[in-house]
Each structure stands twice: as C-alpha cells, then as structure tokens.
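In what follows, a structure is listed as structure tokens, so that the remarks can point back to it.
A note on names: the letters A, B, ... follow the listed sequences, proteins ahead of strands, and every chain is numbered from 1.
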Number of protein chains: 2
Amino acid sequence: MGIIRKTKSVEALLNEFNKSSSAISAKKLIQSLDSKFNKTTIYRVLDKLEDDGVLHSFLGKNGLKWYAKCNDCSSNKHRDLHPHFQCLDCGKVDCLAVSVSLPKIPNRKIEVSQLLIQGKCETCFA
Amino acid sequence: MGIIRKTKSVEALLNEFNKSSSAISAKKLIQSLDSKFNKTTIYRVLDKLEDDGVLHSFLGKNGLKWYAKCNDCSSNKHRDLHPHFQCLDCGKVDCLAVSVSLPKIPNRKIEVSQLLIQGKCETCFA
DNA sequence: TTATATTTGCAACTTAGTTGCATTAAAATT
DNA sequence: AATTTTAATGCAACTAAGTTGCAAATATAA
Ligand SMILES: [Mn+2]
Ligand SMILES: [Mn+2]
Ligand SMILES: [Zn+2]
Ligand SMILES: [Zn+2]
C-alpha cells in the first residue's frame, strides 16, 4: 500500500530525487536526512513511493539498495526494465534509457531481469 | 591469494560443487556443512577458490552471494561474463552459457556487467 | 621428527535493513 | 474550532550476511 498523507518526510524525499537525475542509495538518503528523519521512516517512505510507481528500486554494487525516479509508472503498472550503470570510481549510478535484448532461454519463463553495468562514468572516464 | 593446502574444507566444498551443476549460495553451503566447518572457514575457502579461477561468484535475489564452477578460468584470467537465471519458485540458480550483447553507452568505459534473469525454471514451469 | 607457515574455530564485530509498539500528527468528521 | 479517526513517526531492539583478530591446530617442508 502506498502513500496516503503528504508528510514532511515524503516531501523531503521527493525533493532529493528532484535535485538530481541520478539514482540515490538508501544509505545515502539516510545520511543526508539523518538530522531530520529516522532511518526507519526513510525506508518506509521509499517503499511506499515504489508501490505508487513514483520510484523504482534495484540492487547496486555489494547488494546495496538504490532508488530512482520512474518515468511512466503507476501503482498498477511498473515498467522500469532498463539497465543501470554504476561508476566504479565515483560511485554514481544512472538509469540507462535503453532496452536490453535478453538471450533466448528454452523451457523457462522470464518474469524480471536486472542488468547492472559497471565501469567509468562520463566524468571519471575523461 | 589462492589455495595452498589441500585441506578437509577445500575437499568438502569442491565435492559440493561436483554434486550438482547449479550454483550454490554461501548461505546454503554454510547450512550444509555446518556440523563440519565454521562459517568463517567456508567464506575464506570460497574466496580463495574464486581467486584461483575454480569458482566464480555473483549476487542473486536480495543481494545474497552465490558461487558456481568456472569453466575455463585460472587465477590470471577470469572470464565468467555470462548471465544467471534464478527460479522465483524453487530458488535454484543456474549459469546461462550464452553471451549477452550489451547496449551501446557513449562516453563510458564498461568494465564488468552482471545480468540476473528471474522467473520459473524448467521444473517449476512445466 | 622438528620447524615453518597456512588454515581453522571461535567470539566479537559490522552494517543494511526490519519489526513492534507507544506516541505524534495528518486529515476527516462533527 | 474542537474532536475523532487512522496513518505516519521515532525509538530501541532485532535480524542476518558477511568480516576481523587472534590463539590453537594442522598440513607441508626441512
Ligand atoms: Mn532505473
Ligand atoms: Mn555463472
Ligand atoms: Zn564516476
Ligand atoms: Zn524452479
């Protein structure tokens, strides 16, 4: 079940995601908003925003949880099946607005897939 | 640095990987060998076998660490750049012996990538 | 057999994420 | 505006995968 009330924490988190277009880890959000909100609150609000189709989540390096804005999702329809890129130098993570062609796998039913590409970002590569 | 001595724990772990061709999670190995070895030992031997190019590791559902046998790797050359399939019903994880065509990403340098496909395996799909 | 260096077990630790519950605060109702 | 209702919050305690330091055990070389 998603967000019902427009609280301070909801506004603060949405604000964080409006400041940059990159993905943000739960860990970073907890650090940034530490003085204002409890980590439990942050985890719970993120979870609800994902239910609502406002954010989507995925696992980055070391299994850490990351969140990024959705483009055309709603609570009914989540379609964030794009790959993500994580810079091994600066740690930045971005959504890649491209579609991945999955390999053919006989006798299995594919439900979801996640592709994480790692390397050097534009800034760190130059 | 890799394996130097052929100890009981090394043999036991290699034996586990020879019993099945599927990947095995560190968690499962710790459970299976709980009566014989300490979990610290298991983590350390797995790490060394990976260094030696005998096993490769990757993260599955929920960021859990999985290991599987390498095919043609050595301590110098690791090439396990294949995708993995995890069954959401029975939990089984397999290496997929196919190559993935990564999308073109301008101005970035790709170093590694990991593709995890989830769904129903042959057994659970039928 | 002895010496040396690697491996092991254990306990304590780290850290991301979760849970239960009493309190607080939105928002709906009167 | 005051009251009621119910969702959201803070806090502390917990969970669980994985790590670390160190003394004791064991494989291998001498
Ligand atoms: Mn994304
Ligand atoms: Mn594999
Ligand atoms: Zn970078
Ligand atoms: Zn299955």
Side-chain angles (χ1 to χ4, degrees), chain A residues 1-17 23-68 75 84 86 91-93 114 116, chain B residues 1-17 23-52 54-68 75 84 86 91 93 114 116:
Chain A
M1 163 232 331
I3 296 277
I4 294 179
R5 297 179 180 177
K6 288 277 170 60
T7 61
K8 302 276 174 63
S9 63
V10 171
E11 282 183 50
L13 278 167
L14 290 177
N15 186 48
E16 290 297 312
F17 284 95
I24 316 178
S25 66
K27 182 180 180 181
K28 169 72 174 159
L29 288 165
I30 288 164
Q31 285 169 358
S32 304
L33 301 173
D34 183 47
S35 59
K36 296 183 182 165
F37 306 101
N38 187 273
K39 67 172 178 176
T40 311
T41 301
I42 294 175
Y43 279 119
R44 288 195 275 225
V45 172
L46 288 171
D47 194 51
K48 289 179 182 175
L49 287 172
E50 186 172 20
D51 280 352
D52 286 339
V54 176
L55 300 178
H56 63 276
S57 75
F58 54 94
L59 301 181
K61 195 160 138 35
N62 300 122
L64 278 212
K65 202 161 191 185
W66 289 73
Y67 286 87
S75 51
H84 295 97
Q86 180 158 32
K92 191 174 76 157
V93 177
Q114 41 201 296
L116 179 67
Chain B
M1 168 231 329
I3 296 277
I4 293 178
R5 296 180 180 178
K6 286 278 170 59
T7 60
K8 304 274 175 64
S9 63
V10 171
E11 283 183 48
L13 278 168
L14 290 176
N15 186 47
E16 290 296 312
F17 284 96
I24 316 178
S25 66
K27 182 182 179 177
K28 169 72 175 160
L29 289 165
I30 289 164
Q31 285 169 358
S32 304
L33 302 172
D34 183 47
S35 60
K36 296 182 181 165
F37 307 100
N38 187 272
K39 67 172 178 175
T40 311
T41 301
I42 294 175
Y43 280 119
R44 287 193 276 224
V45 172
L46 289 172
D47 194 50
K48 289 179 182 175
L49 288 171
E50 187 173 18
D51 280 352
D52 286 340
V54 176
L55 301 178
H56 62 276
S57 74
F58 54 94
L59 301 182
K61 194 161 139 34
N62 301 121
L64 276 213
K65 202 162 190 182
W66 289 73
Y67 286 86
S75 52
H84 294 97
Q86 179 157 32
V93 177
Q114 40 200 299
L116 180 66

Subject >> Audit row: W66(A), H84(A), side-chain contact (heavy atoms from CB on, under 4.5 Å) steps and yes/no >> reply: CA-CA 10 Å; W66(A) 289 73; H84(A) 295 97; over 6 Å; no

Original post:
Between the side-chain atoms of R5(B) and the base atoms of dT6(C), is any donor-acceptor pair under 3.5 Å?
Top reply: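 For R5(B), whose side chain was compared with the base of dT6(C), there is a donor-acceptor pair (under 3.5 Å).
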
Subject >> Side chain R44(A) and base dG10(D) donor-acceptor under 3.5 Å >> reply: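 Counting by modelled atom types and ignoring angles, a donor-acceptor contact under 3.5 Å is found here.
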
Subject >> Separation between CG of L59(B) and CD of Q114(A), rounded to the nearest 0.5 Å >> reply: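 These two atoms lie 10.0 Å from each other.
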
Taking any heavy-atom pair under 4.0 Å as a contact, classify [X]: base, sugar-phosphate, or nothing.
| X | answer |
| --- | --- |
| V10(A) | nothing |
| T40(B) | base |
| K39(A) | base |
| L64(B) | sugar-phosphate |

Subject >> Residue mapping more 5' on DNA chain D - nearest nucleotide basis, K6(B) or A26(B) >> reply: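 Its nearest nucleotide lies further toward 5', so the answer is A26(B).
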
Subject >> Whole angstrom value for the distance that separates P of dG18(D) from CD of E50(B) >> reply: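 So the two atoms are 12 Å apart, to the nearest Å.
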
**OP:** Measure from the side chain of Y43(B), starting at C-beta and using heavy atoms only, and say which of dG18(D), dT8(C), dT6(C) lies closest.
**Re:**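 The nucleotide sitting nearest to the side chain is dG18(D).
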
**OP:** Report yes if some heavy atom in the side chain of K65(A) is under 4.5 Å from a heavy atom in the side chain of F58(A); otherwise report no.
**Re:**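 Side-chain contact under 4.5 Å: no.
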
